[in-house]
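As structure tokens, the structure follows; a few thoughts come after it.
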Amino acid sequence: MPSPRSSRERRAGRPEFVSLLSQRGPAAPDSPSRRRESGGSAPPPLPEEDCMRLNPSFVGIALSSLLAVDLWASKRLGVCAGEASAWGSARPLLKVVEVSGHGIPWLLGTFYGLCQSDSSAAREVLLNLLFALLLDLVLVAVVKGIVRRPRPTHNKMDMFVTVSVDKYSFPSGHATRAALVCRFVLHHLVLAVPLRVLVVLWALIVGVSRVMLGRHNVTDVLFGLLLGYALYSVVEYCWLSPLNAPALFALWTH
Ligand SMILES: CC(C)=CCC/C(C)=C/CC/C(C)=C/COP(=O)(O)O
């Protein structure tokens, strides 16, 4: 009966073991690389980029899997993407939700409030809300323009007023605005608890409705919510006041 040691030695001589070993250290006496070096008929080594394609990194595999799950889930959840979709009858209602998170009503409403406000505290809050909404529009446009992810194929482009970058879907502008406005309102308006809950629900419904309407993939909305949440911290950090932006406030002093 052969000893375990001698059988291990015999296995080490087999080509598959030799080739594995040859990738880690100096070539074994009978390894394919040694045969190649000695002018054998083996094909020339692959260029670096071909090797990369054959050996995708862990991050690459994880990202493409996430993308595949995202596309699959977004298509399944796009139940109001058209009138003929599974929940197509709810589409008009979700389009009302869409308008509630659109930039134009928020910009016009804030501007109108600013013109009407007669207390300096209200003016300060509204001016900062206006600044936050404009910053959000610019940031989303820049990210959309850089990432250029197309909207889902099942989306019907029948949105209320859009600008050119809105043909792209990452991140969802409605989701960033909803998260930003939600945090802003919760911090600066003294509201009763049921109203605070309603504000949070509104932001979540705006986010979910983007996927249900087929406007976005799930990751567009998740990233949008995170971006809007983080953007509020930037707005707080850069908070405009009569002390640091007197010229701006002078514009609104009656
Ligand atoms: C002052 C100015 C440039 C206003 C533009 C307001 C405007 C047209 C905003 C676009 C809002 C919109 C359609 C965003 C897209 O949202 P997604 O959730 O579909 O990314």
Side-chain angles (χ1 to χ4, degrees), residues 67 70-71 73-75 77-82 85 87 90-115 126-185 199-232 234-235 240 248 251-252:
L67 202 65
D70 183 31
L71 294 180
S74 309
K75 185 136 194 157
L77 295 171
V79 287
C80 301
S85 309
W87 294 12
R91 190 173 164 84
L93 182 64
L94 291 196
K95 288 185 81 170
V96 174
V97 173
E98 178 168 62
V99 174
S100 78
H102 196 282
I104 289 189
W106 277 101
L107 283 171
L108 288 182
T110 309
F111 188 76
Y112 178 77
L114 198 50
C115 296
L126 288 169
L127 198 63
N128 279 281
L129 180 58
L130 191 63
F131 167 65
L133 292 168
L134 290 172
L135 196 61
D136 169 60
L137 277 180
V138 172
L139 186 68
V140 169
V142 168
V143 179
K144 279 186 174 180
I146 292 172
V147 178
R148 291 168 182 245
R149 185 184 201 186
R151 288 196 184 259
T153 49
H154 55 281
N155 174 46
K156 212 164 88 179
M157 204 54 191
D158 58 352
M159 281 169 59
F160 173 63
V161 196
T162 54
V163 289
S164 64
V165 283
D166 291 325
K167 62 176 177 283
Y168 301 122
S169 83
F170 186 94
S172 161
H174 279 74
T176 59
R177 193 158 33 252
L180 171 70
V181 167
C182 175
R183 267 194 93 187
F184 195 103
V185 166
V199 171
V200 175
L201 277 181
W202 167 78
L204 293 177
I205 291 170
V206 168
V208 172
S209 71
R210 305 309 290 151
V211 179
M212 290 177 74
L213 280 168
R215 305 280 194 230
H216 289 281
N217 297 300
V218 177
T219 46
D220 305 332
V221 171
L222 291 180
F223 187 81
L225 289 172
L226 278 178
L227 192 64
Y229 187 90
L231 191 58
Y232 174 76
V234 176
V235 171
L240 303 172
L248 262 183
L251 281 176
W252 305 105

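Values reported hereafter were calculated over all heavy atoms of this structure, with side chains retained and with hydrogens, waters and symmetry mates removed. Counting convention: from 1, in listed order, for ligands and their atoms alike.
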Would one find more than 12 heavy atoms of other residues, nucleotides or ligands at under 6.0 Å from atom CZ of F160?
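Yes, enclosed.
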Taking only residues two or more places apart in sequence, or in another chain, which ones meet H174 in a ring-ring contact (aromatic ring centres under 6.0 Å, His included)?
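Expected list: H102.
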N or O contacts of ligand 1 with protein under 3.5 Å, please list pair by pair.
residue  : atom   : partner : partner atom : Å
ligand 1 : 16 (O) : H174    : ND1          : 2.9
ligand 1 : 18 (O) : S172    : OG           : 3.0
ligand 1 : 18 (O) : G173    : N            : 3.2
ligand 1 : 18 (O) : H174    : N            : 2.9
ligand 1 : 18 (O) : H174    : ND1          : 2.9
ligand 1 : 18 (O) : R210    : NE           : 3.2
ligand 1 : 18 (O) : R210    : NH2          : 3.3
ligand 1 : 18 (O) : H216    : NE2          : 2.9
ligand 1 : 19 (O) : R151    : NH1          : 3.0
ligand 1 : 19 (O) : R151    : NH2          : 2.8
ligand 1 : 19 (O) : R210    : NH2          : 2.7
ligand 1 : 19 (O) : H216    : NE2          : 3.0
ligand 1 : 20 (O) : K144    : NZ           : 2.5
ligand 1 : 20 (O) : G173    : N            : 2.8
ligand 1 : 20 (O) : H216    : NE2          : 3.2

Kindly list each side-chain donor-acceptor pair under 3.5 angstrom involving residues 200-209, sequence neighbours excluded, with atom names and distances?
residue : atom : partner : partner atom : Å
W202    : NE1  : S100    : OG           : 2.9
S209    : OG   : I205    : O            : 3.2
S209    : OG   : V206    : O            : 2.7

Going through the checks in order, is the side chain to side chain contact (heavy atoms under 4.5 Å, CB included) test met by Y229 and R183?
CA-CA 7 Å; Y229 187 90; R183 267 194 93 187; 3.3 Å; yes
Residues at least two apart in sequence or cross-chain that pass side chain to side chain contact (heavy atoms under 4.5 Å, CB included) with L67, listed by chain then number, are R149
Tell me whether R151 forms a cation-pi arrangement with Y168, defined as NZ or CZ under 6.0 Å from the six-membered ring centre and within 45 degrees of its axis.
no
